[in-house]
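Working notes, structure below.
Proteins get letters first, then strands, A, B, ... in listed order; numbering begins at 1 in each.
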Number of protein chains: 2
Amino acid sequence: MTPMTVTLSDVAREAGVSLATASRAINGSANRTVRPDLREKVLDAARRLRYSPDANAQAMARGRTTALGLIVHDIADPYFSTIASGVTSAAERAGLVVTLASTERDGDRELAFVELMQRQRARAIILAGGRTADEEANARLSSALEEYRSRGGGVAAVGQPLLGVDTVTIENQRATGELASRLHALGYRRFGVLAGPEGHLTAEARFEGLRDGLAGLGVEIDDAHVVRGPFTRDGGFEGMRTLLGRSADGTCPVDAVFAVNDVMAVGAMAAARAAGLSVPDDVAIAGFDDILTLRDIVPSLTTIRLPLADIGVMATELALAPPRDEPRVVPVDGQVIVRDSTPRRS
Amino acid sequence: MTPMTVTLSDVAREAGVSLATASRAINGSANRTVRPDLREKVLDAARRLRYSPDANAQAMARGRTTALGLIVHDIADPYFSTIASGVTSAAERAGLVVTLASTERDGDRELAFVELMQRQRARAIILAGGRTADEEANARLSSALEEYRSRGGGVAAVGQPLLGVDTVTIENQRATGELASRLHALGYRRFGVLAGPEGHLTAEARFEGLRDGLAGLGVEIDDAHVVRGPFTRDGGFEGMRTLLGRSADGTCPVDAVFAVNDVMAVGAMAAARAAGLSVPDDVAIAGFDDILTLRDIVPSLTTIRLPLADIGVMATELALAPPRDEPRVVPVDGQVIVRDSTPRRS
DNA sequence: TTGTAAGCGTTATCAG
DNA sequence: CTGATAACGCTTACAA
């Protein structure tokens with residue numbers, strides 16, 4: 001009867017060759033220095049015994065694993081799952097296996113996961129999801145990553161180039177700057193912003209791009225029309241409610257609202273409707289990301305398209321590329337897409 | 001200077017104890033039979049040397065890994081990414097690391113990934129995503145899973161209980177049966193169905209539940225109003241277009257369309273609008289899944305809610321539970337949610 | 001070409 | 001409670 005677990009030694013014995021030969025025959029690395037007939041014998045034996053090489057043992061012996069760590073804030077969020085799909089496809093191409101960690105937006109867990117990947121001896125780590133302005137957390141994370149890299153691991157981040165590692169940066173500010181002029185050209189002058197959490201760097205960059213862009217056109221955003229809140233659908237909903245509540249007479253205090261991401265924009269639309277307002281007649285709304293699942297909503301959402309899957313691919317390639325002295329920064333631009341949620345203002 | 005890679009031996013030497021003691025002190029398993037002062041010395045040394053245990057070596061020595069394999073059709077699809085979020089959280093609770101594979105709906109890759117996980121000696125595999133009626137592919141997969149289980153791995157599937165493994169099944173047919181009566185009660189009589197791909201068991205179950213439910217109420221679905229196509233947004237869009245094209249005079253041949261999932265339903269809405277039809281005035285639409293990201297679309301979508309994250313958790317628990325002789329089947333029911341896309345027909 | 005044997009970093013067994 | 005030392009399953013010099 002077959003042993004509980006078939007090892008390469010079993011295969012070698014069965015094939016009547018040495019362990020080394022069996023290894024060479026099965027692995028068949030670069031220089032296949034093994035006689036064809038022996039090779040066949042080994043492969044046969046392996047098949048007969050249903051041999052399955054132990055990747056852990058291989059990793060151990062070879063001194064390198066085949067794992068790639070992917071750390072996201074929340075895999076259920078379409079933003080991250082789309083990036084993840086890019087990462088998995090690039091990883092597969094590279095013959096790597098993706099280890100997924102979802103931090104639920106908890107900085108401590110992010111750090112813990114980096115350490116976990118380090119213990120797994122993952123070849124590289126990809127950190128998707130923006131940083132916050134929490135200097136201390138960033139420093140801790142940076143030093144964990146530095147440690148990891150000093151041990152030969154590759155790292156790439158998606159977001160802000162704060163960690164001292166290769167980063168795919170998103171040109172948030174430029175994109176929202178362009179959005180500002182597009183909306184301005186469409187006739188909008190009174191803006192509200194659902195600005196996301198304080199200290200969320202992506203959210204802030206997006207907000208600032210819009211604000212500065214408008215400022216350049218002579219339009220100020222009233223502080224009373226900037227609402228902070230979670231980077232989520234509910235954050236958008238509540239934010240919009242708050243914004244509407246700030247007008248004395250119940251009418252909408254602005255004619256366009258920019259939400260710093262699409263899911264917030266959708267929440268905002270829901271809140272506007274719940275308040276009896278029509279989108280876009282009473283208030284226009286724009287988002288950011290161009291989430292695929294939301295591409296068919298009505299009114300179609302003006303937003304900024306990000307090539308999320310490509311970003312995942314790029315980050316993977318960056319993380320796997322031979323290290324450089326200077327951290328690389330690969331900027332990815334967003335494309336403003338004007339749709340029905342921000343029609344021309346007459 | 002610190003060695004390129006710090007091993008437990010280094011720590012032991014630095015602490016002036018034996019390898020064994022160092023191991024015991026750091027691992028501190030159940031019976032911590034190590035004197036406190038030595039323990040401290042070891043921990044100190046480890047900290048000083050920035051020691052990071054090698055999970056691979058541990059796995060090798062302990063004879064069991066800490067990996068859990070998750071195989072999905074497409075991680076970018078909100079259906080799967082939500083299940084994945086349940087899996088990651090349950091896995092984390094169990095102290096396991098999730099290895100993610102996205103097959104892009106390719107049966108061969110699915111098989112290849114099972115074998116890959118087997119090589120990784122993953123503790124368990126979770127197969128999310130339905131089967132097709134391809135007997136041969138299912139048989140191949142089944143036998144690979146059987147092999148894996150015979151070697152001590154746990155397996156759980158989400159979908160149909162076809163693989164001979166523990167399965168979280170979704171009561172598709174019951175749910176769409178209920179949907180049928182709800183829609184019937186609302187006054188709908190002429191139904192169209194965007195039925196997904198031929199041989200896609202989930203799609204078929206959903207379709208059949210509706211058809212049989214309606215039949216029980218004396219309503220037949222005209223074959224000409226059943227359109228096959230991909231299980232995707234574009235499948236829904238094209239399917240709706242086809243359905244509309246089948247009416248001679250350009251008017252809508254049905255008063256309600258059921259799409260076998262939400263993203264198809266959204267595609268269908270888009271197609272209806274593109275054809276100049278109003279949803280729900282000219283045609284009502286219902287979906288399946290209750291994807292979170294789509295919960296705010298207008299008109300709000302009548303659908304069937306599935307507790308996707310919970311399903312991920314349940315599948316994980318099933319896969320990790322001690323094996324039984326008989327495959328377990330855990331049925332999960334969907335909840336019909338009637339919203340604005342299927343108003344009462346006057 | 002093939003075989004022997006020395007690791008790879010831990011854990012675990014078994015004496016002290 | 002602690003310390004040698006043998007596994008764990010595989011790769012890879014180094015020899016033959």
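To the nearest angstrom, P of C/dG9 lies 10 Å from OH of B/Y51. Atom CG of B/L38 and atom P of D/dT2 are 5 Å apart (whole Å). Between B/D54 atom CG and C/dT11 atom P there is a gap of 10 Å when expressed in whole angstrom units. Straight-line distance from the CD atom of A/Q120 to the P atom of C/dT10: 13 Å, rounded to whole Å. For the pair A/R39 CZ and C/dT2 P, the computed distance is 11 Å after rounding to whole Å.
Considering only the side chain of B/L8, C/dT11 comes nearest among D/dT2, C/dT11, D/dT12. In this structure, the nucleotide among D/dG3, C/dT10, D/dC10 sitting nearest to the side chain of B/Q58 is C/dT10.
Between A/R64 and B/A57, the one whose closest nucleotide on DNA chain D sits nearer the 5' end is B/A57. When each of B/R62 and B/A22 is assigned the nucleotide of DNA chain D bearing its nearest heavy atom, the one mapping closer to the 5' terminus is B/A22.
Using a 4.0 Å heavy-atom distance criterion, B/L19 is classed as a base contact. A/S23 comes within 4.0 angstrom of a nucleotide base, judged by non-hydrogen atoms across all strands.
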Next item on the list: List the steps, then state whether side-chain hydrogen bond (donor to acceptor under 3.5 Å, both in side chains) holds for B/T167 with B/R328.
Entry: CA-CA 6 Å; B/T167 305; B/R328 279 158 290 209; over 6 Å; no
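Under the 4.0 Å criterion applied to side-chain N and carboxylate O atoms, A/E110 and A/R105 are not assigned as salt-bridge partners.
Between the side chains of B/T202 and B/Q160, at least one donor N or O sits under 3.5 Å from an acceptor N or O.
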